[in-house]
Participant: 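My questions all concern the structure below.
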There are 2 protein chains.
Amino acid sequence: MAKAAKYDRQNVIDKATNLYWKKGFHATSMRNLQDEIDMRPGSIYAAFGNKDGLFKQALRHYTDIGLTQIQQLKQVHDSPMAVLIAFVKAQVIESQDTAPSGMCMLAKTIGELTEENQDLIDTTKSHLAEISAEFVKLIEAAQALGEVDKHKNAQDLAIHVQIQIAGLRTFAKINNDTNLLNNKVDDIFSHYPF
Amino acid sequence: MAKAAKYDRQNVIDKATNLYWKKGFHATSMRNLQDEIDMRPGSIYAAFGNKDGLFKQALRHYTDIGLTQIQQLKQVHDSPMAVLIAFVKAQVIESQDTAPSGMCMLAKTIGELTEENQDLIDTTKSHLAEISAEFVKLIEAAQALGEVDKHKNAQDLAIHVQIQIAGLRTFAKINNDTNLLNNKVDDIFSHYPF
DNA sequence: CATATATTTGAACGACTGCTCAAATTAATT
DNA sequence: AATTAATTTGAGCAGTCGTTCAAATATATG
């Protein structure tokens with residue numbers, strides 16, 4: 001019978017995610033991670049394979065947090081568009097002060113990595129597609145309710161939202177003006193292409 | 001009398017810029033740079049101080065390329081807005097295939113670095129402000145010509161353009177659809193807030 | 001309690017990091 | 001051509017990188 005691991009796997013992945021998110025893939029060393037999650041190299045490699053393997057778990061965890069957040073917002077807001085707006089504001093504004101990095105970890109990873117880590121890039125892209133798919137669902141629900149013009153392409157609008165998030169989170173690292181950011185997010189959904 | 005350096009400083013900085021731009025600050029090692037620019041460590045350190053010093057020169061060079069490009073476009077296009085649109089398209093679309101990285105080096109740097117390299121972050125921010133200042137000048141010129149509503153704030157519009165560039169260049173790394181990107185750039189200037 | 005199995009440990013490996021500096025080389029000056 | 005000054009060289013330093021694996025420890029089974 002397999003012995004139950006002494007370490008708390010979810011907690012370990014969560015801490016690793018925060019460190020990777022803050023410092024990026026290359027600047028985070030295995031020794032940084034050893035200290036952060038309080039595990040010795042052998043245990044980490046037994047549990048996650050290598051640095052890439054642990055990073056993939058971090059990407060998965062980061063994405064799940066986002067997806068979960070969307071589900072939670074669905075229970076707070078009646079309107080699908082309100083869910084989307086609340087999510088974007090959480091990503092762009094709140095995360096600037098509370099998150100390990102103001103940047104989206106997926107966008108940051110896409111920006112940082114090269115062909116040398118193509119598999120990590122591919123993983124990252126597929127996770128961005130997962131988030132986008134949730135945006136599409138929200139927008140289609142909004143269209144069904146008449147909140148958004150039915151003739152517009154939900155895919156295109158979802159892409160537009162992701163572009164705005166990437167742009168605004170980058171800008172927020174330069175100029176973290178909450179009021180300005182708040183207005184900019186509102187503008188996204190009250191003007192073309194919405 | 002100081003001996004004229006045997007190496008071509010501008011060529012060295014240009015090559016270093018391309019490597020830093022492609023791989024990012026942390027993933028670019030001094031040995032990578034030694035190979036790329038064909039200089040021995042002693043010479044590099046004599047000329048640039050340290051890894052940070054060379055990176056600062058790279059940031060300066062990268063920014064100058066952008067500023068120069070704007071000046072060149074001014075001589076091709078009569079309309080200030082045409083200059084701005086052409087520049088954004090060059091940044092977002094053309095650079096995807098020709099540049100070392102599809103990303104804006106300044107945005108990439110802002111995303112990658114942490115407080116540990118605050119001086120490099122500050123340098124990067126000031127260069128982004130330089131670019132933004134050029135955008136402001138172009139927009140104000142467009143306003144003087146009646147191409148853009150005089151009542152709009154040129155600063156805000158310039159910020160908007162920078163956010164769109166950051167967002168689109170990130171998106172372009174995921175989905176490099178030239179037609180789609182082209183339309184998206186045109187949309188920036190034909191809808192709110194323009 | 002003894003045995004077998006699963007898990008954790010941490011020293012250590014070869015390769016690489018940013019960087020230094022005495023020695024060699026090159027160029028300018030007399 | 002001899003002397004001085006500027007520049008380049010590259011071996012090498014101390015430290016870190018990602019990773020391995022025999023030994024120690026912990027858990028489960030008989």
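Naming convention: chains lettered A, B, ... in sequence-line order (proteins, then strands); numbering from 1 in each chain. Computed from a predicted structure; not experimentally measured.
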Participant: Which residues in residues 39-49 of chain A have a heavy atom closer than 4.0 Å to any atom of DNA chain C?
Facilitator: Arg40(A), Pro41(A), Gly42(A), Ser43(A)
Participant: Taking only residues two or more places apart in sequence or in another chain, which ones pass ring pair (Phe, Tyr, Trp, His ring centres under 6.0 Å) with Phe55(B)?
Facilitator: Tyr20(B), Phe25(B)
Participant: I want to check one thing: is the phosphate of dC17(D), taken as OP1 and OP2, less than 4.0 Å away from some side-chain N or O of Ser29(A)?
Facilitator: yes
Participant: How close or far is atom C1' of dT7(D) from atom CG of Asp38(B), stated in whole angstroms?
Facilitator: 15 Å
Participant: In whole Å, what is the span from the CE atom of Met30(B) to the P atom of dA15(C)?
Facilitator: 22 Å
Participant: Rounded to whole Å, how long is the line connecting atom CG of Asn32(B) with atom C1' of dC19(C)?
Facilitator: 15 Å
Participant: Distance only, no hydrogens: is a donor on one side chain within 3.5 Å (strictly under) of an acceptor on the other, for Glu36(B) and Asn32(B)?
Facilitator: no
Participant: To the nearest Å, give me how far apart CG (Asp35(B)) and C1' (dG18(C)) are.
Facilitator: 15 Å
Participant: Round to a whole Å and report the spacing from CD of Glu116(A) to P of dC17(D).
Facilitator: 18 Å
Participant: Side chains of Phe171(A) and Leu128(B), heavy atoms from C-beta outward: is any pair under 4.5 Å?
Facilitator: no
Participant: Consider only side-chain N and O atoms of Thr17(A) and Asp14(A), and report whether a donor and an acceptor are under 3.5 Å apart.
Facilitator: no
Participant: Rounding to an integer number of Å, can you tell me how far Arg31(B) CZ sits from dC17(D) P?
Facilitator: 16 Å
Participant: Testing the 3.5 Å rule here: is there a donor-acceptor pair between the side chains of Ser79(B) and Glu147(B)?
Facilitator: yes
Participant: Using 30° and 60° as the class limits, which term best fits the ring planes of Tyr192(B) and His191(A): parallel, tilted or perpendicular?
Facilitator: parallel
Participant: In this structure, how many angstroms lie between the P atom of dT16(D) and the NZ atom of Lys51(A), rounded?
Facilitator: 15 Å
Participant: Using atom CD of Gln34(B) as one end and atom C1' of dG10(D) as the other, report the distance to the nearest whole Å.
Facilitator: 9 Å
